[in-house]
Amino acid sequence: MKLASFDDRRIGVVEGDTIVDVTAVAGVDSAAWPPTGMVELIANIERLKPAILAHLDTAPRIPLEAVRLRTPIEWPNKVIAYPSNFHAHIEEMKSRNGAVSTFGAAGQGFFLKPSSSLSGPGDPIVLPAVPGREIHHECELAIVIGRGGRDISREDALDHIFGYSCLVDVVIRGKEERVMRKAFDSFCPVGPWITTVDEAPAHDAIEMQLSINGELRQHAAMTQLIVDIPEMIAMASSVTTLEPGDIIASGTPAGVGPIADGDRLHIAIPGVGEMNLDVRQGDGGWHKVWDK
Ligand code: MN
C-alpha cells in the first residue's frame, strides 16, 4: 500500500493517479490534536488491514491532483538521522572544511531532527533569513518503523520496517550545534507517501536521486551505505525504544550543495515515490547566533 495524509489530515491509500479515503475505516479522527492518526494506523495495521483492503474494493477514487498531499507522518515520536553515511559525502565535506569526523556513521552514530521540522510534498522549503550562510539539500531515504522495540538485532531489523518514503535533510552549514542547524520548520520534507515494504524494492536494492531545476545533483544506491539499513535499526534501538511511525533518515550521498529562493527540488526513489519541492526565502528565522 501507498499510505498518504491529505487535505485536513485525512488518511488515504494511493492507487495510480487516484487516492481512496480510508480515514473512517481506519478509525482515525482527523480533527484530533496532536495529529497522530498515521502513527496509530501504523501501530494497528495488522488489525485494520482487512477492513481497509475490503474498503478499497468499493470505495470511490479521488483524483490525486484534486487533493493536497501532506507529509505522511506529521507527529512521529522521533526522527533519527545518520550523518556521514556515504564515503564520497565524507570526502566532499572534508575538502570543504577539513573538520568533519573521519569515522563516518559507523563510529559516530546518529542525531535527531525535531518532528516540527517535517513538511510535505505540497509545502515549500522556507529558508530562514540568515544572510551569508549556505543552506544545503541532502537527499535521503526515510525508513518508517512499523513494529517498535528496543535492542533489535541486525537479524530481526527488517521485520520492524513498515515502509519507505523520500526525505530531504535541509541544513545550514556551519559550526553551530548540528541539531539546531537542521531543526528549522520545513527542513525535513518527507513524502509523498509511505510505500509499505511489501510493495517497495528490497532494502539493499533501493536507489535515490535528487535534481535541482532539472539538473541531477545526487544519485546513490543503498549498497553504498556505510551503516546499512538493518544496522541503522540495530544501532538506534540499542539507545532508544523505537516506536511505530518513527522515521530514520539514511544519510546523504555526495553532491550536496546550496539551495536558494525559487529553486525547485525533485527527489525520486524508484518503487517508493517522488516529489517536487519549491524553495522560498522567508522573512523570519534570524537570530544573532547565526551572525558570525
Ligand atoms: Mn543528512
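Just so it is clear, the structure is predicted and the values come from calculations on it, not from any experiment.
- For the pair H203 and Y164, the minimum side-chain heavy-atom distance is below 4.5 Å.
- At distances below 3.5 Å, not a single donor-acceptor pair connects side-chain atoms of R150 with backbone N or O atoms of L242.
- Between the side chains of H219 and E207, at least one donor N or O sits under 3.5 Å from an acceptor N or O.
- Remark: side-chain polar atoms of N213 are paired, donor with acceptor, to backbone N or O of R264 under 3.5 angstrom.
- The pair R70-D123 does not meet the salt-bridge criterion, since no charged nitrogen lies less than 4.0 angstrom from a carboxylate oxygen.
- A donor-acceptor pair under 3.5 Å is formed between the side chain of E199 and the backbone N or O of M1.
- Looking at T240 and K78, their side chains come closer than 4.5 Å, going by heavy atoms from C-beta outward.
- M208 places none of its side-chain heavy atoms less than 4.5 Å from the side chain of Q218.
- Cluster membership check: V171 does not share its hydrophobic cluster with M93, using side-chain heavy-atom separations under 4.5 Å among Ile, Leu, Val, Met, Phe, Trp and Tyr.
- Counting only N and O atoms by type, the side chains of E215 and S211 include no donor and acceptor under 3.5 Å apart.
- Ion pairing between a basic and an acidic side chain is recognised when a charged N comes within 4.0 Å of a carboxylate O; R173 and E138 show such pairing.
- Distance alone, capped at 3.5 Å, places no donor-acceptor pair between the E176 side chain and the R181 backbone.
- Sparse packing is recorded around CG of D8, with 12 or fewer heavy atoms of other residues, nucleotides or ligands lying under 6.0 Å away.
- No side-chain donor-acceptor contact under 3.5 Å links E91 and H89.
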Exercise. Going through the checks in order, is the side chain to side chain contact (heavy atoms under 4.5 Å, CB included) test met by R61 and V20?
Worked result: CA-CA 5 Å; R61 268 62 181 162; V20 178; 3.7 Å; yes
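- Within 6.0 Å of CG in D17 there are 12 or fewer heavy atoms belonging to other residues, nucleotides or ligands.
- In the hydrophobic clustering of this structure, I145 groups with I269; members are Ile, Leu, Val, Met, Phe, Trp, Tyr whose side-chain heavy atoms approach within less than 4.5 Å, directly or through other members.
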